[in-house]
Protein chains: 2
Amino acid sequence: MRALPLDAQAVASLDRTVHEPARLAVVACLAVVDEADFVFLQSQTGMTGGNLSSHVKKLEKAGFLTIRKEFVGAKPCTTLALTEAGRDAFKSYLTALRTLLRVMDGAGL
Amino acid sequence: MRALPLDAQAVASLDRTVHEPARLAVVACLAVVDEADFVFLQSQTGMTGGNLSSHVKKLEKAGFLTIRKEFVGAKPCTTLALTEAGRDAFKSYLTALRTLLRVMDGAGL
DNA sequence: TCGCTAAGTTTGCGACACAAACAAGTCTCC
DNA sequence: GGAGACTTGTTTGTGTCGCAAACTTAGCGA
């Protein structure tokens, strides 16, 4: 059987921390706006608060974003931003996607 | 806060059936070769047999691929191929990725 | 004061990915 | 021809994870 132009192992081992759709949405948002507050992200992604909370926590645990809690007037407000590591991981992820898409372009898909 | 050029909800709701890395690798392989046998896929993806088996079963259940079992000489051989639905789902998925990447290109990532 | 809403977090459950164990048959070598 | 290794997959078990409902804490209005 001939060799494929596709690195299937690379695809199969994509980093799940950013690959997970919910987190990918969060990271993509933060990549374009640099920082955003919890409520804004919730509205953009359409996620429930609890869901967003747990994903944010996981991203923080991975060292991919920072959580800043402060009060704006009287209300609490959590602001999120990517770390350098988070941005790098996202860039690597995008590179992997581009590689895959290039192969598929070549195959007429 | 301004509107993003990014549809985060679309990202957050990517179809997990094909998005899952292991299955994405399988589907991508089948998309470029039209059909492939079990052992070949296993070598390409680096997955264990059991793992591949369960993912294949899930893709079949979703109607995304067909499983053909036959004997080649004395040995059993299962051959896998995408269905029309599987190919369509994969194309839609690729379209979603391209949309995301275009936004990220625009943001200098 | 008594809800009501906002802003998150914690908890619980169902789904899932993964690999080790297993099954069924074939080939090899003595 | 029979013992054991190999090939080709499947089943089972376990730990992880995603998700939303319930809960917490605190300001705001009537």
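Lettering of chains follows the sequences in order, A, B, ..., and the numbering in each one begins at 1. Values in this document were obtained by computation on a predicted structure and should not be read as measured data.
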Sequence neighbours excluded, which residues qualify as side-chain hydrogen bond (donor to acceptor under 3.5 Å, both in side chains) partners of [X]?
{"X": "B:Arg102", "result": "none"}
{"X": "A:Gln42", "result": "none"}
{"X": "A:Thr17", "result": "A:Asp15"}

Over how many whole Å does the gap from [X] atom [atom1] to [N] atom [atom2] extend?
{"X": "B:Gln42", "N": "C:dA19", "atom1": "CD", "atom2": "C1'", "answer": "12 Å"}
{"X": "A:Arg68", "N": "C:dG8", "atom1": "CZ", "atom2": "P", "answer": "12 Å"}
{"X": "B:Lys69", "N": "D:dT8", "atom1": "NZ", "atom2": "C1'", "answer": "9 Å"}
{"X": "A:Glu70", "N": "C:dG8", "atom1": "CD", "atom2": "P", "answer": "10 Å"}

For DNA chain D, what residues of residues 47-63 of chain B have any heavy atom nearer than 4.0 Å?
B:Gly49, B:Gly50, B:Ser53, B:Lys57
Residues from residues 16-29 of chain A sitting under 4.0 Å of DNA chain D, heavy atoms only?
A:Glu20, A:Ala22, A:Arg23
With sequence neighbours left out, which residue pairs that include part of residues 43-64 of chain A fulfil the ring-ring contact (aromatic ring centres under 6.0 Å, His included) condition?
none
B:Arg68: salt bridge (charged side-chain N to carboxylate O under 4.0 Å, His left out) partners, not counting sequence neighbours:
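For B:Arg68 the salt bridge (charged side-chain N to carboxylate O under 4.0 Å, His left out) partners, ignoring immediate neighbours, are B:Glu35, B:Glu70.
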Which residue pairs satisfy the salt bridge (charged side-chain N to carboxylate O under 4.0 Å, His left out) criterion with at least one member in residues 86-100 of chain A, sequence neighbours excluded?
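Sorted result for residues 86-100 of chain A: A:Asp34-A:Arg87, A:Arg98-B:Asp105.
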How far apart are the closest heavy atoms of B:Ser43 and A:Gln9, and which atoms are they?
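The answer is O-NE2, 3.7 Å.
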Mind checking ring-ring contact (aromatic ring centres under 6.0 Å, His included) for A:Tyr93 and listing every partner two or more places apart, or none if nothing turns up?
A:His19
